[in-house]
Amino acid sequence: MAKVLVINCGSSSLKYQLIDMDHESVLAKGLCERIGIEGSKLTHNPAGKPSYEKECDMKDHRVAVEMVLAALQDPEHGVIEHADEISAIGHRVLHGGTVYSDSIVVDADVKRVIRECFDLGPLHNPANLIGIEACEAAMPGKPNVAVFDTAFGMSMPEKAYMYAIPHEYYEKYGIRRYGFHGTSHKFVSGEAIRYANLDPEKAKVIVCHLGNGSSVSASIGGKCVDTSMGLTPLEGLIMGTRSGDLDPAVVQFICNKEGIDVNEMLNILNKKSGFLGMTNGLSSDNRDVSQAAKDGNPLAKVAIEAAHYRTAKYIGAYTAAMNGVDAIVFTAGIGENDADTRIGVCQYLGYLGVELDAEKVKVRGERMVISTPNSKVKVMVIPTNEELAIARETKEIVGC
Ligand code: AMP
């Protein structure tokens, strides 16, 4: 029975899932928090058994991986008898630069590229590499697979990924659009094609991954042709705390007026903008902002309307880019749960012949076609599952 351990490392955290690939079922999942900080803690949720928490010193990610392995093999809370039962480890890695358009078994070259991309993913890539090295140390000889969040975007044509700035910056620094949430977009577009019986070679699919971070992708036959995030996840839709698209002159203007530097301004655009900024700090959470809008808060109303409007504009742009669309899919926290968002976005799509089913549109967290049989475009909800997507890629590449 193939079992794949999926690891998603942040700078002080490590999320994991052990997945039984024969049934694609989660055997256990959990989280190590505050790694390298006082008060570190492991939360372990084994399937069918009570979850447990353990406060313990985790001075680095290597110790965290050892704690995870101990929890997985624990006589009481464990789900395996021996770490040897783990066939391979799949790692979420943020940035693979222009080098990797697919997942790959980690070797010295792969680690070098992940390191070379530290500049492009300064918060995530160093942590991702630490996670890989921690697993190599704790489970010598086991294959580690890197699954890049940027890989899906690598099939974009030049006309979609080049910025209209002096070419030397692309040559010198790789400044281009990469796209993120790739693992989710690839998984959801693939699932949508299968679920709705679309042509796997030709289906034109737009996926709206709407969560705290949000992005839209356009794909033909499961290959990405455009996506809304750019060099970094800041470009594109209005998000929880990110501004999305913006005239770059705004940066200079505010820096000059407020006496702040570009780094501070970018921090504002990443962490204090989007829903949070538009509502004057009320909340970055879609539920809070939509409730406030319903209660009559005018800033919240504009924030929600603007988010729907911008998503609809991307759908329109991508429909033009692909000269048509067969399916529009909603996923992630907002897309999977919030009927108001789906209705708010689709109200702009009447010209495409989109017609929502008034009952089905209310579905929460389940896959469902939410358009009517007459609708010219199929509209769907497909829950994303990045861990399963990473585990599938890992299994396929390792052949376990
Ligand atoms: P994610 O980043 O994918 O976990 O998504 C987080 C976002 O999903 C937050 O903005 C939540 O407010 C939103 N969300 C989660 N559940 C619901 C729900 N039932 N209704 C509306 N929004 C939701």
Side-chain angles (χ1 to χ4, degrees), residues 6 8 10 13 15 17 26 29-31 33 43 45 92 94 123-124 149 152 179-189 191-192 207-217 227-229 232-234 236-244 270-295 297 299-311 329-347 356 359-368 370 380-390:
V6 176
N8 183 354
S13 68
K15 283 191 223 151
Q17 282 197 9
V26 178
K29 61 180 167 183
L31 168 68
E33 290 168 277
T43 309
N45 297 295
R92 175 170 190 253
L94 183 81
L123 295 181
H124 296 85
D149 220 26
F152 188 59
F180 296 86
H181 294 145
T183 311
S184 172
H185 284 289
K186 181 176 175 186
F187 175 83
V188 172
S189 56
E191 292 290 301
V207 173
C208 306
H209 176 114
L210 309 178
N212 186 38
S214 297
S215 61
V216 195
S217 70
T227 187
S228 60
M229 285 177 165
T232 76
L234 184 54
L237 300 180
I238 295 172
M239 314 184 206
T241 62
R242 296 190 192 111
S243 65
N270 271 304
K271 305 229 170 96
K272 298 181 182 166
S273 298
F275 280 162
L276 184 67
M278 288 184 84
T279 59
N280 250 340
L282 176 76
S283 176
S284 61
D285 192 289
N286 174 64
R287 280 166 292 201
D288 298 340
V289 180
S290 5
Q291 191 53 53
K294 283 178 191 151
D295 294 342
N297 178 322
L299 296 184
K301 188 163 176 282
V302 175
I304 292 289
E305 283 175 2
H308 297 170
Y309 176 68
R310 187 162 321 163
T311 307
V329 192
F330 288 94
T331 194
I334 301 173
E336 289 166 27
N337 293 299
D338 189 15
D340 290 345
T341 294
R342 300 172 200 139
I343 294 167
V345 171
C346 290
Q347 67 173 321
L356 293 180
E359 276 312 304
K360 290 186 175 149
V361 74
K362 294 180 193 156
V363 69
R364 276 184 60 181
E366 265 180 71
R367 59 176 62 191
M368 172 98 62
I370 59 169
M380 288 178 249
V381 172
I382 305 264
T384 191
N385 189 337
E386 290 180 81
E387 289 77 14
L388 178 59
I390 291 170

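The model shown is predicted, which means the values in this text are computed figures rather than measured ones. Each ligand, and each atom within it, is numbered from 1 in the order the structure gives. Start at 1 with the first residue, then count along the sequence.
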Task: Closest protein heavy atom (residue, atom, distance) for atom 13 (C) of ligand 1 - done: I334 CG1, 3.6 Å
- [ ] Around atom 14 (N) of ligand 1, find the nearest protein heavy atom and jot down its residue, atom name and distance.
- [x] G333 O, 3.6 Å
TODO: With atom 21 (C) of ligand 1 as the reference point, say which of T331, N286, D288 has the nearest heavy atom.
DONE: N286
Open item on the list: Is the shortest side-chain heavy-atom distance between V207 and V216 below 4.5 Å?
Closed with: no
Open item on the list: What I want to check is whether the side chains of S215 and H209 have a donor and an acceptor closer together than 3.5 Å.
Closed with: no
- [ ] Check whether the side chains of S243 and S273 place a donor and an acceptor atom closer than 3.5 Å, and report yes or no.
- [x] no
- [ ] Could you find the nearest protein heavy atom to atom 6 (C) of ligand 1 and give me its residue, atom name and distance?
- [x] N212 N, 3.7 Å
- [ ] Please check if the side chain of S283 supplies one atom and the backbone of D288 the other of a donor-acceptor pair under 3.5 Å.
- [x] no
Open item on the list: As an exercise, identify every atom of ligand 1 less than 4.0 angstrom from a heavy atom of R364.
Closed with: 19 (N)
Open item on the list: Between the side chains of D340 and K294, is the shortest nitrogen-to-carboxylate-oxygen separation below 4.0 Å, so that they form an ion pair?
Closed with: yes
Task: Verdict with reasoning, T341 to N286, per side chain to side chain contact (heavy atoms under 4.5 Å, CB included) - done: CA-CA 9 Å; T341 294; N286 174 64; 4.2 Å; yes
Task: E336 and R364 ion-paired at < 4.0 Å - done: no
Task: P383 and E366, any side-chain heavy atoms less than 4.5 Å apart - done: no
TODO: Could you say whether the N/O atoms of G213 and ligand 1 ever approach to under 3.5 Å?
DONE: no
TODO: Could you tell me whether D285 and ligand 1 have an N or O pair separated by under 3.5 Å?
DONE: yes
- [ ] Give the residue and atom name of whichever protein heavy atom lies nearest to atom 23 (C) of ligand 1, and the separation in Å to one decimal.
- [x] R287 CG, 3.7 Å
Open item on the list: For atom 17 (C) of ligand 1, which of the options L210, D340, N337, D338 provides the nearest non-hydrogen atom?
Closed with: N337
Open item on the list: Any heavy atom of E336 closer to ligand 1 than 4.0 angstrom?
Closed with: no
Task: Those atoms of ligand 1 less than 4.0 Å from some heavy atom in G211 - done: 1 (P), 2 (O), 3 (O), 5 (O)
